[in-house]
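Structure first, then comments.
In listed order, ligands and their atoms are each counted from 1. For clarity, every value in this text was computed on a predicted model and none was experimentally measured. Sequential numbering from 1 along the given sequence is applied to the chain's residues.
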Amino acid sequence: MPHFTFRTAGESHGPALVALVEGVPAGLPLLAEHVDTQLVRRQQGYGRGRRMQIEQDRMEFLSGVRAGETLGSPIAMLIRNRDWTAWQEIMDPAPRPEDSTDAGRKRQLTRVRPGHADLTGLLKYDRDDARDILERASARETTARVAAGAVARCLLEVLGVRIGSHLVHLGGVEVAARADWPEDINAAADASPLRCLDAKAEAEMIARIDAAKADGDTLGGICEVVVRGLPVGLGAHVAWDRKLDGRLAQAICSIPAVKGVEMGIGFAAARLKGSQVHDAIAPISAEVDIATAARRGFVERATNRAGGLEGGMTTGEPLLLRVAMKPIATLMRPLETVDVRTGQRADAAAERSDVTAVPAMGVIAEAMTALVLADAMCEKFGGDSLEEMRRNMDAYLARIASRAASRDA
Ligand code: EPS
């Protein structure tokens, strides 16, 4: 039974998106601007289409927050779609009147796009118009995930956990390897057009985006999520569905267009020997403060190829995830398909879309990571109030410190 859960609802061109978060302890400071800041971050990134100029996502709390603090009750959040005004007739929930023109049937999509949910969704749900599928399959839905993730992020931050991400690959261009990250990864990444920390590689990526746009094509890429400050021992080795790596993989791979996630060195580990993969363990340096040392179990590793996970549990080293996104399926120079109305060959529909949304995907991956980690923190430390959760966490870390102290005595 998950402890910290969320649901989203809403169609891309419907009136609004909704996020419902449950399991947040009472007493967590939470302001609309904490959520809005994350929504704005998701809307950035070179290569996005006109829709991002139409939307200026802002969240309204409907429940669960009072006077700037959570109540422990479900938190419902509403984000209106500005584009709704242009789509009201097409997306109207009411049945069309008998004497209506066919305006409400405008924007039907039957030339299903390869790589999108259009065709399989239409067959599975027995619909004639792929709009009934694509409106929900649209990555617009991730707005609501980022809103939910912002709540998770607030909880993690007050417990000393920081999440950042940056783009490491786009359209065939790789960033240069780096030994470390800036102290505030997001402050640095958000200041650049693609959320990339390598300006030289980024210039080449931008040129490729421009070229892909001119060709009516799209580009995919990879983002790295980095989480610092996690205590050792979140997740559990004892059951398949409590393993944190499995929970993270599920959450990350559920992001639209994401095709894979690597933890630490990921797939590269399969091609190396054990001695080249596993991170040797050493006593922690005496310079590290006690609170940090306790989170890391009073040990340190010179390398972190495991990406902060061993046995389905956090090690206390930074959690490292690399998330791969395929190119967006809507191509302005479309692939061939079948028109489901006629059964004949046709060019796939070319709806307004983005050339790439990899920078936004990094922000979404942060949100999904935050949601999984908030759940794991609530599972480990429980508590109906933030103070109770903090006490439980402090007691756990104090026990780890006392183990080390009694051993050293
Ligand atoms: C999307 C298509 C585009 C994107 C949209 C995802 O929307 P539209 O069809 O209205 O131009 O802009 O992303 C968002 C609206 C968003 O907020 O991220 C798609 O088909 O997935």
Taking Arg162 as the fixed residue, which of Glu157, Glu183, Glu366 is the one that meets the salt bridge (charged side-chain N to carboxylate O under 4.0 Å, His left out) rule? Glu183

Any [X] heavy atom less than 4.0 Å from ligand 1:
| X | answer |
| --- | --- |
| Arg50 | no |
| Gln43 | no |
| Glu55 | no |

[atom]: the protein heavy-atom neighbour that sits closest, reported with distance to 0.1 Å:
| atom | answer |
| --- | --- |
| atom 4 (C) of ligand 1 | Asp354 OD2, 3.5 Å |
| atom 18 (O) of ligand 1 | Arg42 NH1, 2.8 Å |
| atom 14 (C) of ligand 1 | Met52 CE, 3.5 Å |
| atom 15 (C) of ligand 1 | Arg140 CD, 3.2 Å |
| atom 5 (C) of ligand 1 | Ser138 OG, 4.1 Å |
| atom 2 (C) of ligand 1 | Ser353 OG, 4.0 Å |
| atom 21 (O) of ligand 1 | Ala139 N, 2.9 Å |

Give me the atom names and distance for the closest heavy-atom approach of Gly149 to Ala370. O-CB, 3.9 Å

Using a 4.5 Å cut-off on heavy atoms from C-beta on, say whether the side chain of [Y] contacts that of [X].
| X | Y | value |
| --- | --- | --- |
| Leu155 | Leu386 | yes |
| Val277 | Lys273 | no |
| Leu170 | Leu167 | yes |

Where's the contact between Arg51 and ligand 1, heavy-atom distance under 4.0 Å: side chain, backbone, both or neither? side chain

Determine whether more than 12 heavy atoms belonging to other residues, nucleotides or ligands lie under 6.0 Å from atom NZ of Lys213. no

Do other residues, nucleotides or ligands put more than 12 heavy atoms under 6.0 Å from the CZ atom of Arg136? yes

Who's closest to atom 13 (O) of ligand 1 heavy-atom-wise, of His13, His116, Arg352, Arg48? Arg48

Under the criterion side chain to side chain donor-acceptor pair (under 3.5 Å), which of Gln88, Arg107, Arg51 is the partner of His13? Arg51

